Each structure stands twice: as structure tokens, then as C-alpha cells.
Amino acid sequence: AATKATLTEACTPEAHDAANARNDHLVDACQAIIDRSGIPAHTVRFGAKGCVTWTTTQIRNYRDYKASNFELAFAQWIHGINRGILLPPGLDEQWLISVMHDEADATRYADVFGGNPDWNATSVAEYQNGTPRWRTDLYSHSGTLMTHDESIALIKSMGAKFTPEL
């Protein structure tokens, strides 16, 4: 019964067409961000699957793939994770829009992808510098830097029963 319902009610041809259309919208949004910013990347789509590849030209073979900017790919992956986008680890940003995703789900990635203000970065350090200051510098002028031993002592003095990680 579950299989029949899935195939006849959830995964209908119309639902697949809608998922493909949502992916088209997402890929187009990401390509527009790439075009506006001039970052060395391009988009690829195949039905409901899409990705951002960190080369300026289409990848046709392994040699082309090895010319990808792997540092920016990794930085973008971390950028997404820090903002709630959990894509499979890899050196291109791949996604699959399912029939269960709505338009808001499909465009969330583009919103995060376009959210880094330093698209002129050419290194991981410069790219990460594009992180909004409130995320990294909120307490940098008023907090007290502690050693690991000092933080353990403070936590124990407060009666907490855990040890912070390094």
C-alpha cells in the first residue's frame, strides 16, 4: 500500500515536473549570483539535481576537475554548514530537489550561497573574512580569553558536569 501511494500520489509525473522546475529556479539563482559576483564557478543541472562547480568552464574529464579551486569549494561548504546548509561533503556543491521540497526549501541554498559579501576572495582566509563580523567578533573586544584548564575550572566552579572540547 505504501509503495502504491508513493508512486500514485506523491511521486507523480506532475510532482517530478514541479521538483525539476524548483531545481531550475535554484540553479538559475545560483548562476545569477556567480554572474554578478564574478566568482570562478558555474552551475550544472540534470533534472532535479544541481551543483555549483568551482571552475569557470565546464568539466569534461578528470584533468578539468583537478583544475577546480578546491580551497574555495571547501570554504563554501563550511560557509553553508555554518548557516544550516548540510550538503554531502565534496568539492562541488551538489543537491537534489525532491518532491517533498517546497520553493522555500529550494531557494534557501541560493540565499546562503549569495550571502557572503567577499566574492572577490582568492584564498580561503579572504573568503572566510566575508563572514559577518557579528558571528565571529561579537565578544572579541569584551570577552576574556581563557586557557582550556581555566575554562574547565570555571565550569566546575559553576557546578556544571561537562568538560569543554579543545
Side-chain angles (χ1 to χ4, degrees), residues 1-139 165:
T3 301
K4 183 178 179 182
T6 299
L7 295 175
T8 61
E9 298 174 32
C11 295
T12 64
E14 296 80 17
H16 279 276
D17 290 344
N20 289 344
R22 282 190 291 279
N23 187 53
D24 288 343
H25 178 77
L26 172 54
V27 170
D28 291 344
C30 289
Q31 188 61 54
I33 292 163
I34 291 167
D35 292 343
R36 271 194 317 271
S37 64
I39 58 174
H42 71 281
T43 56
V44 178
R45 77 180 85 209
F46 185 76
K49 188 166 179 59
C51 76
V52 172
T53 302
W54 294 91
T55 65
T56 55
T57 58
Q58 200 173 45
I59 294 175
R60 298 185 187 277
N61 54 45
Y62 186 69
R63 182 173 288 139
D64 292 348
Y65 172 75
K66 291 293 286 179
S68 298
N69 188 328
F70 297 124
E71 286 189 345
L72 282 179
F74 181 73
Q76 175 59 30
W77 183 65
I78 295 296
H79 174 81
I81 287 174
N82 286 334
R83 287 152 183 83
I85 301 294
L86 305 176
L87 295 177
L91 298 175
D92 50 9
E93 296 286 311
Q94 296 186 34
W95 60 82
L96 175 65
I97 301 297
S98 78
V99 297
M100 299 306 294
H101 289 108
D102 62 20
E103 192 65 29
D105 295 328
T107 57
R108 170 111 172 88
Y109 175 80
D111 293 341
V112 168
F113 181 71
N116 188 336
D118 191 3
W119 282 115
N120 295 318
T122 58
S123 70
V124 172
E126 289 175 1
Y127 184 92
Q128 290 173 333
N129 195 37
T131 302
R133 289 284 156 239
W134 59 266
R135 291 186 66 88
T136 56
D137 292 346
L138 182 61
Y139 300 107
E165 295 184 23

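These numbers were taken from a predicted model, which means no experiment stands behind them.
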Asker: Taking all non-hydrogen atoms of both residues, which atom of R83 and which atom of H79 are closest, and how far apart?
Answerer: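 Taking every non-hydrogen atom into account, NH1-O, 3.0 Å.
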Asker: Once side chain to side chain donor-acceptor pair (under 3.5 Å) is applied, do any residues pair with Q58, and if so which ones, sequence neighbours excluded?
Answerer: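 Partners of Q58 under the side chain to side chain donor-acceptor pair (under 3.5 Å) test: R60.
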Asker: Listed by chain and number, what are the ring-ring contact (aromatic ring centres under 6.0 Å, His included) partners of F46, not counting sequence neighbours?
Answerer: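 Here no residue qualifies.
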Asker: Please report the interatomic distance OG1(T57) to CG(D64), rounded to the nearest 0.5 Å.
Answerer: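 Separation between the atoms: 6.0 Å.
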Asker: Looking at F70, is its backbone amide N or carbonyl O close enough to the side chain of S68 to form a donor-acceptor pair, meaning the two atoms are under 3.5 Å apart?
Answerer: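 Here the side-chain-to-backbone pair does not exist.
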Asker: State whether the side chain of H16 and the backbone N or O of A48 hold a donor-acceptor pair below 3.5 Å, judged by distance alone.
Answerer: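 A pair under 3.5 Å: no.
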Asker: So which heavy atom on A106 is nearest to which on R22, and how close?
Answerer: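 Heavy-atom minimum between the residues: CB-CB, 4.0 Å.
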Asker: What is the ring orientation for Y109 with F113, classed by angle as parallel under 30°, tilted 30 to 60°, or perpendicular over 60°?
Answerer: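 Y109 vs F113 ring planes: parallel.
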Asker: Could you go through residues 23-34 and list every donor-acceptor pair under 3.5 Å that involves a side-chain atom there, pairing it with any protein atom two or more places apart or in another chain?
Answerer:
from : atom 1 : to   : atom 2 : distance (Å)
N23  : OD1    : W95  : NE1    : 2.6
N23  : ND2    : G47  : O      : 3.0
N23  : ND2    : K49  : O      : 3.0
D24  : OD1    : R45  : NH1    : 3.1
H25  : NE2    : E103 : OE2    : 3.4
D28  : OD1    : R45  : NH1    : 3.4
D28  : OD1    : R45  : NH2    : 2.6
Q31  : OE1    : T43  : N      : 3.0
Q31  : OE1    : T43  : OG1    : 2.7
Q31  : NE2    : D35  : OD1    : 2.9

Asker: Show the nearest heavy-atom pair for residues V99 and A10, with the distance to one decimal.
Answerer: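 Minimum heavy-atom contact is CG2-O, 3.8 Å.
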Asker: Taking the side chain from R108 and the backbone from I85, do they hold a donor-acceptor pair closer than 3.5 Å?
Answerer: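 Judged by distance alone, no pair lies under 3.5 Å.
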Asker: Applying side chain to side chain donor-acceptor pair (under 3.5 Å), can you list everything that pairs with T12, at least two apart in sequence or on another chain?
Answerer: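 Result, side chain to side chain donor-acceptor pair (under 3.5 Å) vs T12: E14.
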Asker: Kindly write out the residues that satisfy side chain to side chain donor-acceptor pair (under 3.5 Å) with R63, not counting sequence neighbours, or none if the list is empty.
Answerer: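 Result, side chain to side chain donor-acceptor pair (under 3.5 Å) vs R63: none returned.
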Asker: Identify, with sequence neighbours excluded, every residue that meets side chain to side chain donor-acceptor pair (under 3.5 Å) alongside T107.
Answerer: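 Side chain to side chain donor-acceptor pair (under 3.5 Å) list for T107, sorted by chain: empty.
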Asker: Output yes when a side-chain donor or acceptor of T53 lies under 3.5 Å from a complementary backbone atom of T55, and no otherwise.
Answerer: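 No, because the side chain of T53 does not come within donor-acceptor range (under 3.5 Å) of the backbone of T55.
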Asker: Quick one: does I78's side chain get under 4.5 Å of Q76's, heavy atoms only?
Answerer: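 Sidechains of Q76 and I78: no contact.
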Asker: Taking all heavy atoms of V112 and all of G80, pick out the closest pair and write down the distance.
Answerer: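 Distance-wise, the nearest heavy atoms are CG1-CA, 4.1 Å.
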